[in-house]
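Worksheet: the structure to be examined is printed underneath.
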Amino acid sequence: MGAAENKQQQLNKKKKKQNQTQKEQQKQQMQMQMKMRCLSCEDSVIEEHQAILEELQNCPKPLDPKAQSRLQPMASFGPLRRPAWKTARRWLGDGVRGPRFTDVEGHLQKAKEFFTKPALSYPEYKQQCESLRLFAFGGVCGGCVLSLFLFPPKSSYWATWSPWQWAQYVGSCFKAAPALFATEKIETVSYQSILYPQRKVSATVPPASTVQSSPSKPVAPPKPRVLFVLGGPGAGKGTQCTNICTRFPHWSHISAGDCLRAERNDPQSKDGELINSYLKEGKIVPVEITVRLLEKAMQKDMAQGKTDFLIDGFPRNLDNVTGWEQVIGDRADVLGVLFFEATETEMEKRLLGRSATSGRVDDNLESIRKRFRTYEKETMPIVEKYKKQRMVFTVDGMQSVDEVWSHTLTKLREVEAVAVYGP
Ligand SMILES: Nc1ncnc2c1ncn2[C@@H]1O[C@H](COP(=O)(O)OP(=O)(O)OP(=O)(O)O)[C@@H](O)[C@H]1O
Ligand SMILES: Nc1ccn([C@@H]2O[C@H](COP(=O)(O)O)[C@@H](O)[C@H]2O)c(=O)n1
């Protein structure tokens with residue numbers, strides 16, 4: 001073999017190797033493209049790609065122009081499906097393009113058509129639904145926000161964290177925090193005024209004798225806070241008021257019914273007989289008598305250091321409401337109404353049970369039923385009136401005493417939160 005022949009052979013070998021390398025590279029490139037593309041390909045397309053690959057493998061030349069022309073579309077994403085992450089819409093045949101997202105009028109029109117114009121095709125129907133959905137979503141969200149704004153939940157969390165408190169929080173970051181400890185000597189002031197510094201101070205309600213201040217620096221006692229307690233006869237008002245006062249000594253329980261019964265039993269009282277007749281009939285005693293007794297009882301308890309009052313069984317009718325406003329008015333802060341709800345059947349059962357030991361002239365079936373009627377006719381409208389003012393804290397009184405107590409506690413915390421942070 002001559003040198004020239006040898007050289008030719010080496011050249012051929014080299015060319016063949018180059019061809020093989022080039023083919024190998026092309027194959028790898030194709031495989032990469034296949035991998036990428038086949039993520040979103042249908043089976044038929046994958047099969048087609050595989051066939052092309054096989055053809056390429058068997059092809060003696062580096063890249064046959066025929067194969068190249070067939071492979072060309074594979075190199076571009078044009079005619080085939082886009083990968084899922086590039087697909088803006090699923091292909092559900094919605095060739096009908098709806099209004100742009102920002103085109104409110106267009107969507108309104110489509111939403112209206114949902115009710116007025118039967119869709120002729122699925123895409124049209126789908127667009128109507130989509131446009132309607134925008135308004136339904138907006139309406140529901142807007143309604144929820146508005147109702148939270150108009151009728152904020154009576155929860156201490158809401159009172160503390162609702163968005164309209166945020167401005168206040170931001171503002172408070174730039175204000176000096178109130179001193180944690182007293183900055184001057186406190187002579188005699190109820191611990192309530194320290195716990196609730198927001199409370200306004202009244203110089204009028206308590207008689208001077210109840211305030212033991214130093215002569216040089218008089219300290220006005222805080223304005224008494226009042227929580228009316230209402231509910232049907234036997235709903236459990238008295239029981240839960242006793243619980244509250246046992247647990248929280250700053251609360252004082254004053255029952256209008258108890259005050260009236262005590263007055264009736266007082267031989268010195270000029271109103272004894274009148275009160276007795278009202279009690280037996282389950283009627284509401286004139287407010288001048290009742291409110292005078294309530295004020296007397298409050299003053300007595302304030303002298304003992306009480307500042308918060310559960311006024312149980314009051315106001316029972318409109319006469320009671322106006323009497324309170326005229327006599328006490330803004331000398332006390334009314335925090336709201338703690339309202340115990342129970343059915344007549346349950347209340348009747350409880351009162352008949354209580355009649356064995358209460359000694360009350362009105363704990364008999366006849367008086368009980370008369371009291372129910374008075375409650376329905378005269379007291380419920382008062383509850384409704386306070387409800388409209390969003391002042392009612394309702395407790396489900398149908399459960400066991402313990403369960404009602406736990407519910408009462410929750411409501412009491414709400415009352416405190418609203419009193420401190422506002423409604
Ligand atoms: N949750 C309860 N489950 C069962 N019995 C109860 C419950 N709460 C109170 N009672 C009982 O029912 C009776 C009436 O309760 P309570 O005196 O507290 O009612 P009231 O609403 O104050 O009634 P009134 O308006 O007549 O004074 C009592 O004998 C009491 O022990
Ligand atoms: N504001 C009020 C409260 C009560 N009465 C009379 O007392 C009766 C018993 O009241 P209880 O709350 O103890 O059940 C009641 O039936 C009324 O006759 C009232 O007149 N005014």
Side-chain angles (χ1 to χ4, degrees), residues 226 228-246 253-265 271-295 297-298 309-324 327-328 337-380 382-383 394-409:
V226 166
F228 294 139
V229 183
L230 291 178
K237 305 181 292 291
T239 306
Q240 298 304 332
C241 286
T242 307
N243 278 344
I244 294 173
C245 296
T246 311
H253 174 207
I254 295 176
S255 155
D258 284 352
C259 291
L260 289 166
R261 280 185 285 275
E263 183 69 5
R264 177 203 54 191
N265 293 341
D271 300 319
E273 253 179 57
L274 181 138
I275 294 172
N276 200 41
S277 62
Y278 273 83
L279 290 181
K280 267 209 262 175
E281 288 304 307
K283 286 190 190 157
I284 311 298
V285 174
V287 71
E288 305 79 62
I289 298 175
T290 316
V291 84
R292 178 175 52 83
L293 296 174
L294 291 177
E295 189 182 12
M298 282 173 73
F309 296 89
L310 296 160
I311 306 286
D312 171 5
F314 189 92
R316 284 280 242 277
N317 62 5
L318 200 56
D319 182 44
N320 277 192
V321 174
T322 48
W324 175 272
V327 177
I328 307 290
V337 176
L338 191 60
F339 175 54
F340 290 88
E341 235 174 3
T343 60
E344 270 190 20
T345 321
E346 176 65 20
M347 294 192 290
E348 189 176 294
K349 195 176 88 191
R350 289 181 191 174
L351 290 178
L352 289 176
R354 188 178 70 179
S355 70
T357 52
S358 69
R360 281 177 55 161
V361 289
D362 55 355
D363 272 354
N364 57 74
L365 202 53
E366 197 189 336
S367 295
I368 289 170
R369 298 227 165 127
K370 281 181 184 168
R371 286 158 70 196
F372 284 159
R373 298 293 71 83
T374 307
Y375 169 71
E376 274 303 319
K377 211 170 131 221
E378 300 194 45
T379 312
M380 269 320 282
I382 302 305
V383 175
T394 306
V395 176
D396 175 9
M398 290 294 285
Q399 317 299 316
S400 70
V401 173
D402 284 350
E403 282 164 327
V404 177
W405 166 233
S406 122
H407 200 185
T408 303
L409 254 184

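These figures come from a predicted structure and were not determined experimentally. Computation of the quantities below employed the complete heavy-atom set of this structure, encompassing side-chain atoms and omitting hydrogens, waters and symmetry-equivalent molecules. For ligands, and for the atoms within them, numbers begin at 1 and follow the listed sequence.
If you check which protein heavy atom lies closest to atom 1 (N) of ligand 1, you get Gln399 O, 2.9 Å. Taking atom 9 (C) of ligand 2 as the reference point, the nearest protein heavy-atom neighbour is Arg360 NH2, 3.4 Å. Distance from atom 22 (O) of ligand 1 to its nearest protein heavy atom, with residue and atom name: Gly238 N, 2.8 Å. Protein heavy atom at the shortest distance from atom 17 (O) of ligand 1 is Arg354 NH1, 2.8 Å. Summary of contacts: the protein heavy atom closest to atom 23 (O) of ligand 1 is Gly234 N, 3.0 Å. Scanning all protein heavy atoms for the shortest distance to atom 4 (C) of ligand 1 gives Arg350 NE, 3.5 Å. Counting protein heavy atoms only, atom 8 (C) of ligand 2 is closest to Leu279 CD2, 3.3 Å. Summary of contacts: the protein heavy atom closest to atom 19 (C) of ligand 2 is Leu260 CD1, 3.4 Å. For atom 25 (O) of ligand 1, the closest heavy atom belonging to the protein is Lys237 NZ, 2.7 Å. What sits closest to atom 17 (C) of ligand 2 on the protein, heavy atoms only, is Lys283 O, 3.2 Å. The single protein non-hydrogen atom nearest to atom 21 (N) of ligand 2 is Ile284 CG2, 3.7 Å, given as residue, atom name and distance. Thr239 OG1, 2.5 Å is the protein heavy atom nearest to atom 18 (O) of ligand 1.
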Validation: residues 280-290 side-chain donor-acceptor distances under 3.5 Å, sequence neighbours left out:
{"unit_1": "Glu281", "atom_1": "OE1", "unit_2": "Lys370", "atom_2": "NZ", "d": "2.9"}
{"unit_1": "Glu281", "atom_1": "OE2", "unit_2": "Lys370", "atom_2": "NZ", "d": "3.4"}
{"unit_1": "Thr290", "atom_1": "OG1", "unit_2": "Pro286", "atom_2": "O", "d": "3.4"}

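Looking at Arg316 next to ligand 2, an N or O pair under 3.5 Å apart turns up. Inclusion of Lys237 in the set of residues having an N or O under 3.5 Å from an N or O of ligand 2 is not warranted. Checked by distance only, ligand 2 and Thr290 stay at 3.5 Å or farther apart across all their nitrogen or oxygen atoms. Checked by distance only, ligand 1 and Gly236 come closer than 3.5 Å through their nitrogen or oxygen atoms. Any N or O atom pair closer than 3.5 Å counts here, and Gly313 shares at least one such pair with ligand 2.
Within the listing of ligand 1, atoms 21 (O) sit less than 4.0 angstrom from a heavy atom of Gly232. Listed by number with element, the atoms of ligand 1 under 4.0 Å from a non-hydrogen atom of Arg360 are 26 (O), 27 (O). Within the listing of ligand 2, atoms 18 (O) sit less than 4.0 angstrom from a heavy atom of Tyr278. Each of the following atoms of ligand 2 lies closer than 4.0 Å to a heavy atom of Gly257: 10 (O), 13 (O).
A distance of 5.5 Å separates CZ of Arg371 from CG of Asp363, quoted to the nearest 0.5 Å.
With a heavy-atom cut-off of 4.0 Å, Val285 touches ligand 2 through backbone and side chain alike. With a heavy-atom cut-off of 4.0 Å, Val404 touches ligand 1 through its side chain alone. With a heavy-atom cut-off of 4.0 Å, Asp258 does not touch ligand 2 at all. Of the heavy atoms in Thr374, none comes closer than 4.0 Å to ligand 2.
Residue contact annotation: Ser400 has a non-hydrogen atom under 4.0 Å from ligand 1. Not a single heavy atom of Gly257 sits under 4.0 Å from any atom of ligand 1. At least one heavy atom of Arg371 sits closer than 4.0 Å to an atom of ligand 1. For the pair Gly231 and ligand 1, no heavy-atom separation below 4.0 Å is found. The shortest heavy-atom distance from Arg261 to ligand 2 is under 4.0 Å.
Residues Leu294 and Cys259 meet the side-chain proximity criterion, which asks for heavy atoms closer than 4.5 Å. Counting heavy atoms from C-beta outward, Asp312 and His253 have side chains that approach closer than 4.5 Å. Side-chain contact between Ile254 and Leu310 is absent, with no heavy atoms from C-beta onward closer than 4.5 Å. At least one side-chain heavy atom of Leu351 sits less than 4.5 Å from a side-chain heavy atom of Pro233. Contact of the Glu403 side chain with the Met398 side chain is not registered, since no non-hydrogen atoms from C-beta on lie closer than 4.5 Å. Looking only at side-chain heavy atoms (C-beta outward), Leu230 and Phe340 stay at 4.5 Å or farther from each other.
Relative orientation of the Phe314 and Trp324 rings is tilted, given thresholds of 30° and 60° on the angle between their planes.
Residue-environment remark: CD (Gln399) exceeds the threshold of 12 foreign heavy atoms within 6.0 Å.
Between the side chains of Thr345 and Glu348, no donor-acceptor pair of N or O atoms lies under 3.5 Å. Judged by distance alone, the side chains of Thr246 and Asn243 never bring a donor and an acceptor atom under 3.5 Å apart.
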